[in-house]
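Keep in mind that what you see is a predicted model, and the values were worked out from it rather than measured. Worth knowing before you read on, the calculation uses all heavy atoms, side chains too, and leaves out hydrogens, waters and symmetry mates. Residues: numbered from 1 along the sequence shown.
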Amino acid sequence: MPALILQLTRVGLLILLCLFVWAAIRVIRADLRAAATPVPAGGGDRPARGARAGGAAVASSGPLPPTMLVVTAGALAGTRLRLGDGPILIGRADDSTLVLDDDYVSSRHARLVKEANGYYLEDLGSTNGTYLDRARITSPVAVPTGTPIRIGRTVIELRP
């Protein structure tokens, strides 16, 4: 009898290992599919939360500073937020500035902060990560205008 119990335990552990590998492959395939989806051009003018950015003078020879946060892909595609001086909290929590109803988004996923020389994106310890132009960020990074930011299934951009 002990040999039968040992053999059944081995088979059970083998089945659990196969289920784990299968689940890992499903997650990887979902991430690859999300990264490969084309980003549609943002449209629509839905009103959104956020304050109007302060009007700083801009030289005509330099690039325009971002004034809008635009959702280009995902459930909220077309949503626009006016950028202000305060931080923009992105996540599933109801008190977030941009609330994303997505299973791959943490309750407090990322934060976009205005600094003297531009906007910086910071991942707040999310489970699935925050991506700037297909690269996962691990520390606060500067966000160039027009560069896609992927959080879960949502893609956002800073635009002038």
Side-chain angles (χ1 to χ4, degrees), residues 20-21 23-160:
F20 175 78
V21 170
I25 289 172
R26 283 188 60 211
V27 168
I28 292 170
R29 287 184 67 205
D31 282 347
L32 289 175
R33 253 186 266 125
T37 55
V39 178
D45 279 325
R46 279 192 235 162
R49 289 178 270 173
R52 184 171 174 82
V58 177
S60 60
S61 62
L64 295 174
T67 59
M68 301 284 286
L69 178 70
V70 180
V71 180
T72 58
L76 297 176
T79 300
R80 297 170 179 261
L81 292 173
R82 290 232 178 252
L83 295 173
D85 291 331
I88 295 176
L89 183 63
I90 304 168
R92 287 192 330 201
D94 290 334
D95 63 342
S96 298
T97 311
L98 181 61
V99 179
L100 302 176
D101 188 23
D102 185 344
D103 292 337
Y104 296 105
V105 175
S106 300
S107 59
R108 286 187 172 54
H109 196 98
R111 177 175 41 221
L112 193 63
V113 181
K114 183 178 182 181
E115 296 291 331
N117 57 347
Y119 284 88
Y120 284 80
L121 180 66
E122 177 184 11
D123 184 84
L124 300 176
S126 65
T127 305
N128 294 311
T130 302
Y131 295 83
L132 180 64
D133 199 20
R134 296 189 184 200
R136 187 172 183 160
I137 65 168
T138 56
S139 62
V141 295
V143 180
T145 303
T147 304
I149 300 167
R150 185 170 59 87
I151 298 174
R153 293 185 177 123
T154 303
V155 179
I156 59 177
E157 291 179 8
L158 295 179
R159 294 197 180 157

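Residue Tyr131 holds its OH atom at 10.5 Å from CD1 of Ile137, rounded to the nearest 0.5 Å. In this structure, CG on Leu112 lies 6.5 Å from CD1 on Ile156, to the nearest 0.5 angstrom. Once rounded to the nearest 0.5 Å, the distance linking CZ of Arg159 with CG of Leu83 reads 12.0 Å. Rounded to the nearest 0.5 angstrom, Ser96 OG and Ile88 CD1 are separated by 11.5 Å. In this structure, CD1 on Ile149 lies 11.5 Å from OG1 on Thr154, to the nearest 0.5 angstrom. Residue Arg80 holds its CZ atom at 10.5 Å from OG1 of Thr72, rounded to the nearest 0.5 Å.
The backbone N or O of Glu122 lies less than 3.5 Å from no partner atom in the side chain of Arg111, so there is not a single donor-acceptor pair. In this structure, the side chain of His109 engages the main chain of Gly129 through a donor-acceptor pair within 3.5 Å. Asn128 places a side-chain N or O within 3.5 Å of a backbone atom of Tyr104 that can act as its donor or acceptor partner. With Ser107 contributing its side chain and Ala93 its backbone, the two residues share no donor-acceptor pair below 3.5 Å.
Counting heavy atoms from C-beta on, the side chains of Leu124 and Leu89 come closer than 4.5 Å. Side-chain contact between Ile90 and Thr97 is absent, with no heavy atoms from C-beta onward closer than 4.5 Å. In this structure, the side chains of Leu98 and Val71 come closer than 4.5 Å at one or more pairs of heavy atoms.
Across every non-hydrogen atom of Val105 and Gly152, the tightest pair is CG2-CA, 4.0 Å. In terms of heavy atoms, Pro160 sits closest to Thr145 at CD-CG2, 3.4 Å. For the residue pair Ala110 and Thr130, the shortest heavy atom distance occurs at CB-OG1, 3.8 Å. When all heavy atoms are compared, the tightest approach of Tyr119 to Gly84 is OH-O, 3.4 Å.
Using modelled atom types, one finds a donor on one side chain and an acceptor on the other under 3.5 Å when comparing Asn117 with Tyr120.
Salt-bridge annotation for Asp103 and Arg153: absent, with no side-chain N of the basic residue lying under 4.0 Å from a carboxylate O of the acidic one.
By the neighbour-count criterion of 12 heavy atoms within 6.0 Å, atom CG of Asp133 is densely surrounded, having more than that number from other residues, nucleotides or ligands.
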**Message:** Assess the residue pair Leu158 and Leu69 against the criterion (side-chain contact (heavy atoms from CB on, under 4.5 Å)); give the C-alpha distance rounded to whole Å, side-chain angles, the decisive distance to 0.1 Å, and a yes or no.
**Reply:** CA-CA 5 Å; Leu158 295 179; Leu69 178 70; 3.7 Å; yes
